[in-house]
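When a ligand or atom number is given, it counts from 1 through the structure's own listing order.
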Amino acid sequence: MSTAQSGTPRPAFGSAVEDEERVELLPPGAVVDLAAARRESGIDDVLERLDTELVGLAPVKTRIAEVAALLLVDRVRERYGIVATRPTLHMCFTGNPGTGKTTVALRMADLLHRLGYVRRGHLVSVTRDDLVGEYVGHTAPKTKDVIKRAMGGVLFIDEAYYLYKVENDRDYGSESIEILLQVMESNRDDLVVILAGYADRMDTFFAANPGMQSRIAHHVTFPDFTVTELEQIAVGMTGELSYGLSDQARVVLREYLERRVGQPWFANARSVRNAMERARLRQARRLVARADPMVDLAALTTIEPEDLLASRVFGDDAAGKTVRSG
Ligand SMILES: Nc1ncnc2c1ncn2[C@@H]1O[C@H](COP(=O)(O)OP(=O)(O)OP(=O)(O)O)[C@@H](O)[C@H]1O
Ligand SMILES: [Mg+2]
């Protein structure tokens, strides 16, 4: 299990209770500047960073902007004294490995916090092993402990379908699901649950757990990245580490990605990250092994074609064979 704190804690409007104490209700004739409310909340900052720092993911970005708008409008309605149940925000993120589900969940936590939906805005990321025990009486305390830690933030359950074993309905996973269902209903103003995993397995999971399906308000689909997007991601990642690719290396990178996407164990942006890490390793090895030991800044910061060409992806026997790493 991992916990991550996202962004700076900056509640937009405080909790509903605090608002009631601090802010007088607006009369029906009053007019509110939504743009100003937006600015004050800091959501533009999160949405802008989402847009510039994350490549592609257009449908995901649109959904997040929609959720942000919904919460903003909800908060402004509250200022007129409109009392309605808060919108349900439990979500399901489906997509192949490395499509950005965890990364986006982290930003979602930040956004929900800025909009005052959750108190803390942290993300607790878990899998079945963190929730389900191995003997009678073990599961409930484990699940409750995780929920307690996630309160005030986002509980991200990766590969959520492993909680339910079709072949064994007496599996302890069912107990964990029952507890989660209760909490998702009764604590939905201070805990957002995000289930993540492959689309087809998630569908099977929901079919077997209609209670879970009915509590999920937003289904967000993470598409695979195109080769051009993967290239942009690679360039961004190397840049973050103060490396650059020479012009020839850019050509090789493109070729590398075109081959890699069709090979087994391809995991989108995650594979790109791994590939760039290996290129960095080869670059270092190349520099250290050089006959001329003198290096300059350009040499230290440039990835050259050979740093990528040494990959097994380019091996003569790569096509058609299992390539576990790039
Ligand atoms: N749109 C993007 N732009 C740039 N980098 C990205 C993008 N999406 C993901 N990454 C990077 O790719 C890596 C994998 O992303 P992440 O872990 O969020 O994917 P995931 O869908 O949760 O994968 P998995 O299914 O394997 O858990 C991370 O290092 C992340 O920073
Ligand atoms: Mg992930």
For atom 24 (P) of ligand 1, the protein heavy atom that lies nearest, with its residue and separation = Arg270 NH2, 3.3 Å

Non-hydrogen atoms of Ser41 and Arg38 that approach each other most closely = OG-O, 2.6 Å

May I have the step-by-step check of salt bridge (Lys or Arg N to Asp or Glu O under 4.0 Å) for Asp45 and Arg114, ending in yes or no?
-> CA-CA 10 Å; Asp45 182 33; Arg114 285 177 191 243; 3.7 Å; yes

Residue Met237 vicinity, atoms of ligand 1 by number, heavy atom under 4.0 Å | 11 (C), 12 (O)

Quick one: pull up NE2 in His219 and OG1 in Thr94 and give me the separation to the nearest 0.5 Å.
-> 8.5 Å

Which atoms from ligand 1 have a heavy atom of Asp158 less than 4.0 Å away?
-> 27 (O)

Write out the residue and atom name of the closest protein heavy atom to atom 16 (P) of ligand 1, then the distance separating them to 0.1 Å.
-> Thr103 OG1, 3.5 Å

Can Arg282 and Glu306 be counted as an ion pair, charged N to O under 4.0 angstrom?
-> no

Identity and separation of the nearest protein heavy atom to atom 25 (O) of ligand 1 = Lys101 NZ, 3.0 Å

If you scan protein heavy atoms around atom 31 (O) of ligand 1, the nearest is Arg273 NH2, 3.3 Å

Considering only protein heavy atoms, which is closest to atom 12 (O) of ligand 1, and at what distance to one decimal place?
-> Ala269 CB, 3.1 Å

In terms of residue, atom name and distance, what is the protein heavy atom nearest to atom 2 (C) of ligand 1?
-> Val55 N, 3.5 Å

Can you sort out which atoms of ligand 1 are near Gly98, meaning under 4.0 Å from one of its heavy atoms?
-> 19 (O), 20 (P), 21 (O), 23 (O), 24 (P), 25 (O), 26 (O)

State if Glu229 counts as touching ligand 1 under the rule of any non-hydrogen atom under 4.0 Å.
-> no

When you check the gap from the basic side-chain N to the acidic O, do Arg39 and Asp44 get nearer than 4.0 Å?
-> no

With the threshold set at 4.0 Å, does a side-chain nitrogen-carboxylate oxygen contact exist between Arg149 and Asp130?
-> no

If you measure from OG1 on Thr103 to CZ on Arg270, what distance do you get to the nearest 0.5 Å?
-> 8.0 Å

Identify, with sequence neighbours excluded, every residue that meets salt bridge (charged side-chain N to carboxylate O under 4.0 Å, His left out) alongside Glu178.
-> none

Separation of Phe222 CZ from Asn268 CG (nearest 0.5 Å) | 11.5 Å

Please state which protein non-hydrogen atom is closest to atom 8 (N) of ligand 1 and give its distance, to 0.1 Å?
-> Gly100 CA, 3.6 Å

Under 2.8 Å from the Mg ion (ligand 2) - protein N/O/S, by chain and number | Thr102 OG1

Contact between Phe225 and ligand 1, counting heavy atoms under 4.0 Å?
-> yes

Region of Val272 engaging ligand 1 - heavy atom pairs below 4.0 Å = neither

His218 NE2 to Cys92 SG distance, which is reported to the nearest 0.5 Å | 12.0 Å

CG of Leu131 to NZ of Lys142, rounded to nearest 0.5 Å, is 8.0 Å

Look at atom 5 (N) of ligand 1 and say which protein heavy atom is nearest, naming residue and atom and giving the distance to 0.1 Å.
-> Ile233 CG2, 3.9 Å

Quick one: CG on Leu50 to CD1 on Ile43, what's the gap to the nearest 0.5 Å?
-> 12.0 Å

Over-ring placement of Arg280 relative to Tyr243, 6.0 Å and 45° cut-offs | no

